[in-house]
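Step one of this worksheet: look at the structure below.
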Amino acid sequence: MKNKVLIVEDSSVILKILKHIAKQSLELEPLFASTMAEAQNLYEKHKDELFAGIIDLALPDAPNGEMVDFLLAENFPVIVLTGSYKEERRAALVKQGVVDYVVKESRYSYRYAINMVNRLYKNQKIQVLVVEDSKQYRKHIVRLLMAHKYQVLEAVNGLEAMDQLKQHPNIKMVITDYNMPEMDGFELVQAIRRQYEKADMIIIGLSGEDGGLLSIKFIKNGADDFLNKPFQQEEFYCRITNNIESLEQMHRIQELADRDYLTSLYNRRYFCEEGDKLLKQAIKNNTEFSLVAIDLDNFKSVNDEYGHEAGDEVLKVFSRELESILGRFLIARIGGEEFCIIVPGLSNSKVVNLIDGFKQHLAAKIIDVNDEDFIRLAFSAGVTNIKYETITASLNQADEYLYRAKEAGRNMVIGDD
Ligand SMILES: Nc1nc2c(ncn2[C@@H]2O[C@H](COP(=O)(O)OP(=O)(O)OP(=O)(O)O)[C@@H](O)[C@H]2O)c(=O)[nH]1
């Protein structure tokens with residue numbers, strides 16, 4: 001597996017800063033060197049595990065970028081660190097195929113270089129579709145994207161693009177030209193936006209020299225950004241990266257909004273929204289649909305005896321157990337020590353057995369409360385397969401069974417029968 005990064009820098013002060021930042025934020029394992037000889041040794045030894053390099057342009061035994069040349073000849077992704085900005089040098093390096101060029105100005109520069117490696121590593125999982133009828137331009141864009149490690153797919157017009165989107169549901173970004181046969185760029189943007197929200201798909205339009213009118217039209221039709229052709233390679237990368245990072249940020253915010261802060265299980269709002277969809281599907285297809293309500297027994301005594309913090313830990317352990325055994329279903333923490341699960345496709349008695357099985361699994365676990373005290377956990381549960389019109393009504397029914405279980409002595413599962 002390629003999960004190591006070669007970092008080569010001769011200044012001991014800068015190397016120290018790089019080590020510090022790498023420790024804080026590099027998502028791969030760094031290997032450090034301060035001369036070309038050392039770096040080449042490391043490279044030969046770890047070739048199969050090395051993913052990319054952050055390489056100082058001038059080293060004591062390689063004053064003219066020989067280390068960078070060596071790695072580029074090996075087709076190895078290189079981010080260059082350099083002490084001074086020279087436009088000609090920058091242009092030559094970009095043409096040679098370096099991933100990026102970072103001038104050593106401040107801590108921010110080193111952080112940028114480390115983040116770029118993290119970015120490349122994540123890009124390996126991101127699919128991008130390039131839609132362009134000019135073969136020359138298409139290949140140019142594909143090459144640029146591949147240098148930044150994206151998975152790239154191609155189409156020559158809008159129709160082919162729609163077909164590719166259907167075949168590859170993980171595509172996250174479409175870069176599209178305007179002028180194409182069959183279906184042009186605007187028609188494509190409109191067709192994509194009919195199916196994909198902005199949070200699910202980035203669209204970048206490519207426009208020729210037209211005084212900016214095409215760019216405006218692209219944005220008004222639902223594109224997120226545009227690039228005027230011909231573009232600078234670095235502008236291309238900046239726009240692609242910014243858009244991908246905004247999408248990731250949007251997903252992080254969405255995750256935070258959907259999850260319970262303590263246990264990271266889904267929260268009540270998400271559960272009700274998704275549960276309603278699943279319930280409607282089950283009603284439409286006339287299939288089984290179970291809603292399970294679980295409440296830990298005598299949980300107050302855990303807080304009272306060991307403190308609220310220990311209670312929090314126990315809730316986290318319980319949630320992990322739920323996930324490990326029943327993670328294939330929709331699970332949520334809907335209140336303090338109350339949890340809900342939706343189990344589609346099984347009869348009521350089968351779901352009661354499933355939850356009983358989980359209860360036995362839990363009973364066999366000794367839970368470490370605070371490294372000194374150990375407890376066992378029990379819960380009561382209600383399971384209903386009655387398909388009401390809303391998830392809230394099903395939840396009330398499961399809750400009713402749950403409280404019957406509590407009244408009948410706790411530590412039991414009650415179903416419709
Ligand atoms: N540590 C911790 N405790 C919580 C949290 N949310 C709710 N609780 C506690 O959960 C306990 C629930 O108590 P009760 O409703 O009396 O229920 P119980 O003790 O589990 O008893 P039964 O449900 O009747 O078996 C209360 O002490 C709450 O403070 C939380 O997020 N963290």
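In what follows, residues are counted from 1 in the order of the sequence shown. Read the numbers this way: they start at 1 and go in the same order the structure lists the ligands and their atoms. What's counted below: heavy atoms across the whole structure, side chains too, no hydrogens, waters or symmetry copies.
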Between Asn396 and Tyr388: side-chain donor-acceptor atoms closer than 3.5 Å: no
Test item: side-chain donor near acceptor, Glu49 and His46, under 3.5 Å: yes
Expected output: side-chain Arg193 to main-chain Tyr196 donor-acceptor under 3.5 Å: yes
Check: Leu265 main-chain N/O paired with Arg333 side-chain donor or acceptor under 3.5 Å: no
Under 4.0 Å from ligand 1 - residues by heavy atom, chain and number: Asp295, Leu296, Asp297, Asn298, Phe299, Lys300, Asn303, His308, Gly311, Asp312, Leu315, Arg333, Gly336, Glu337, Lys406, Arg410
Sole residue of Lys229, His140, Arg138 in side chain to side chain donor-acceptor pair (under 3.5 Å) with Glu132: Lys229
Which pairs would a plain distance check flag for residues 29-42, meaning a side-chain donor or acceptor within less than 3.5 Å of a matching protein atom at least two apart in sequence or in another chain?
unit_1 : atom_1 : unit_2 : atom_2 : d
Thr35  : OG1    : Glu38  : N      : 3.1
Glu38  : OE1    : Ser34  : N      : 3.1

